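In what follows, chains are A, B, ... by sequence order, proteins preceding strands, each numbered from 1. Computed from a predicted model, the values in this text were never measured in an experiment. Heavy-atom basis, side chains included; hydrogens, waters and symmetry copies ignored.
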There are 2 protein chains.
Amino acid sequence: MDVSIAVDGDDSDKLPCAGCDDRDCPIRKALGEAGLLECSDSIRQISARPGERLEISGFEPDTVFRIASGMLMQEHVLEDGRRHVAAFKTDGELAWPLSREDNGDIREFYEAVKPTDLCVISVSPLADRTSDACGLMETLYSAAKEEVARSQTRMLTLARSSATERLAGFLFDLAKRTGKQMKYGTELKLNMRRERIADHLGMQPETISRIMSAFKKDGVIQLPRPTVVIIPNLQALAAIAFGAA
Amino acid sequence: MDVSIAVDGDDSDKLPCAGCDDRDCPIRKALGEAGLLECSDSIRQISARPGERLEISGFEPDTVFRIASGMLMQEHVLEDGRRHVAAFKTDGELAWPLSREDNGDIREFYEAVKPTDLCVISVSPLADRTSDACGLMETLYSAAKEEVARSQTRMLTLARSSATERLAGFLFDLAKRTGKQMKYGTELKLNMRRERIADHLGMQPETISRIMSAFKKDGVIQLPRPTVVIIPNLQALAAIAFGAA
DNA sequence: CGTGTCTTTGAAGGTCCTCAACACTCGTGG
DNA sequence: CCACGAGTGTTGAGGACCTTCAAAGACACG
């Protein structure tokens with residue numbers, strides 16, 4: 001599916017934060033309940049269905065995305081089609097669309113991998129009008145620093161881990177973030193295809209498949225369907241990811 | 001060389017910014033000349049000789065490094081010795097030491113690759129005491145966002161580029177940042193060994209060497225000594241880096 | 001129940017790594 | 001000034017890992 005959704009004047013727009021019950025949202029905390037009312041045109045809620053793509057060219061460089069629920073994929077694509085998924089963002093995580101001049105030949109896309117609600121936030125007007133602009137900037141700065149730390153960990157993985165370690169690490173991370181605890185282990189719903197996992201880990205879809213089969217054969221995972229992974233023992237996966245293989 | 005320098009009470013400490021003639025420093029701008037005087041204990045200048053290592057365990061999580069001059073290497077190391085150089089930071093660039101809890105088993109080091117002066121900045125006390133705390137946070141936020149963008153470009157490279165493309169991109173980037181323009185082309189002094197370049201690009205030193213030889217054979221570079229690279233035509237390198245090969 | 005898409009599996013090939021030997025560089029000391 | 005030696009860089013041969021190409025199998029959707 002390759003459907004783009006318009007953001008301006010779309011009926012998926014909602015009143016900022018009004019319908020959002022996330023009390024942990026750092027943006028909301030920084031603004032306060034009073035501040036929210038003043039900034040209704042700077043925060044916009046968008047719903048995206050699986051496969052829908054956000055057209056980021058319309059956004060100002062100070063835009064921030066915050067995932068309220070669901071999962072959003074951030075991808076970068078070269079002219080010749082080579083592709084990398086920088087992150088699968090889930091509940092509460094932030095993402096920063098790159099300004100166009102930064103990236104040279106790289107195009108950036110955001111695509112929902114499952115039904116997703118997200119907030120599109122324009123920072124500058126928010127900072128101008130809220131009483132605690134410093135708190136807001138500090139919150140965003142802190143989040144950006146964490147993003148840098150995550151990126152550095154991922155670079156180490158991409159540069160120095162085997163395909164097996166990378167996939168084990170990916171499954172482990174995703175299971176921790178979105179897995180459901182069952183009596184028989186952790187159940188993980190993969191909302192993306194093998195190709196996207198490959199794009200995230202710098203591999204080929206066939207390689208993902210092969211390693212999945214090997215994990216299955218070794219009893220590290222069960223694979224009732226291609227999109228459902230059951231992990232009886234998370235520590236076993238972690239051990240593989242962090243170099244026990 | 002594996003010399004660590006102590007940071008506290010070292011005679012390499014200098015008065016903050018007093019000896020620094022960098023008027024473009026965003027920290028300085030945000031603080032203003034008056035603010036600088038108040039914050040003398042929050043900014044510390046350090047000099048490091050090639051091979052010297054900063055002991056980061058002593059720094060608060062809100063610490064920021066700013067390279068005044070020279071080059072600082074930021075590296076992450078796994079228990080088993082696998083290593084990645086996240087960046088070679090040069091004049092004016094910022095670096096954020098990771099908080100210890102973030103990185104799990106990853107240890108972080110900073111090492112000068114040539115004589116380097118850097119500022120060690122504690123952000124919190126600075127923000128508390130300066131008049132324009134918002135401006136300071138905004139500056140840092142902006143810098144952190146740029147760092148995220150750089151990391152994402154690097155991840156795409158690590159995940160989806162060939163060894164040849166990665167090395168060409170590295171030389172191109174470094175030549176732009178630190179190369180000297182000569183009549184015969186751009187001269188680039190490599191202050192790091194092949195092993196460190198390999199750690200930056202996720203390769204082996206032998207592979208670096210092989211590709212260097214190939215570039216030399218093709219006339220893309222000259223290599224009078226292992227540490228000196230002459231690039232007659234930067235665009236040729238860029239073409240290789242961005243997928244013309 | 002058929003069709004298109006995605007996944008899995010197999011075989012062959014390429015890129016990069018590993019191991020090993022040799023060459024070069026540069027600082028030290030005779 | 002040259003000789004020496006340790007560290008670093010280069011080159012070669014062989015192999016491992018992952019990719020590429022191809023085909024068959026599974027799944028989802030009408």
Filtered N/O pairs between nucleotides 15-17 of chain D and protein, under 3.5 Å:
none

So what does [X] touch, heavy atoms closer than 4.0 Å: a base, only the sugar-phosphate, or nothing?
X	result
B:Leu223	sugar-phosphate
B:Met212	nothing
B:Ser209	base

[N] [atom2] sits how many Å from [X] [atom1], rounded?
X	N	atom1	atom2	answer
A:Glu195	D:dT20	CD	C1'	15 Å
B:Phe215	D:dG9	CZ	C1'	17 Å
B:Lys216	C:dA23	NZ	P	15 Å
A:Ile208	C:dC6	CD1	P	16 Å
A:Ile211	C:dG10	CD1	P	15 Å
A:Leu201	D:dT19	CG	C1'	15 Å
A:Ile197	D:dC18	CD1	P	16 Å
A:Met203	D:dT20	CE	P	12 Å

Can a side-chain donor-acceptor contact be found between [Y] and [X] if the only test is distance below 3.5 angstrom?
X	Y	value
A:Asp91	A:Ser69	no
A:His200	A:Arg83	no
A:Arg166	A:Thr157	no
B:Lys180	B:Thr186	no

OG-CG distance between A:Ser209 and A:Leu223, expressed to the nearest 0.5 angstrom: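 Rounded to the nearest 0.5 Å, the OG-CG separation comes out at 8.5 Å.
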Approximate separation, where rounding is to 0.5 Å, of B:Glu147 CD and A:Gln152 CD: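 So the gap between those two atoms works out to 6.5 Å.
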Donor/acceptor link under 3.5 angstrom from A:Glu206 side chain onto base of D:dC21: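 Checked by distance alone, the answer is yes.
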Base of D:dG12 paired with side chain of B:Arg210 (donor-acceptor, under 3.5 Å):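 Side chain to base: pair present.
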Base-contact (B) and sugar-phosphate-only (S) positions in nucleotides 23-30 of chain D, heavy-atom cut-off under 4.0 Å, - elsewhere: ----S---
Any B:Arg194 side-chain nitrogen or oxygen under 4.0 Å from OP1 or OP2 of D:dT8: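 Checking B:Arg194 against D:dT8: no side-chain N or O falls below 4.0 Å of OP1 or OP2.
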Phosphate-side-chain proximity, A:Thr207 and D:dC18, N/O vs OP1/OP2 below 4.0 Å: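 Looking at the OP1 and OP2 atoms of D:dC18, neither is under 4.0 Å from any side-chain N or O of A:Thr207.
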Qualifying residue for side chain to side chain contact (heavy atoms under 4.5 Å, CB included) with A:Tyr110, from A:Leu118, A:Thr116, A:Leu72: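 That would be A:Leu72.
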Qualifying residue, where the test is side chain to side chain contact (heavy atoms under 4.5 Å, CB included) with A:Met192 and the options are A:Thr227, A:Leu174, A:Asp199: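 Passing option: A:Leu174.
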Ring geometry between B:Phe88 and B:Phe170 (parallel below 30°, tilted from 30 to 60°, perpendicular above 60°):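 It falls in the tilted class, 30° to 60°.
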Of A:Gln204 and B:Arg193, the one whose closest DNA chain D nucleotide lies more 5':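 Looking at the nearest nucleotide for each, B:Arg193 comes out on the 5' side.
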Student check: side-chain heavy atoms of A:Phe65 and A:Cys119 closer than 4.5 Å: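 The answer is no, as the side chains (C-beta and beyond) never meet within the 4.5 Å cut-off.
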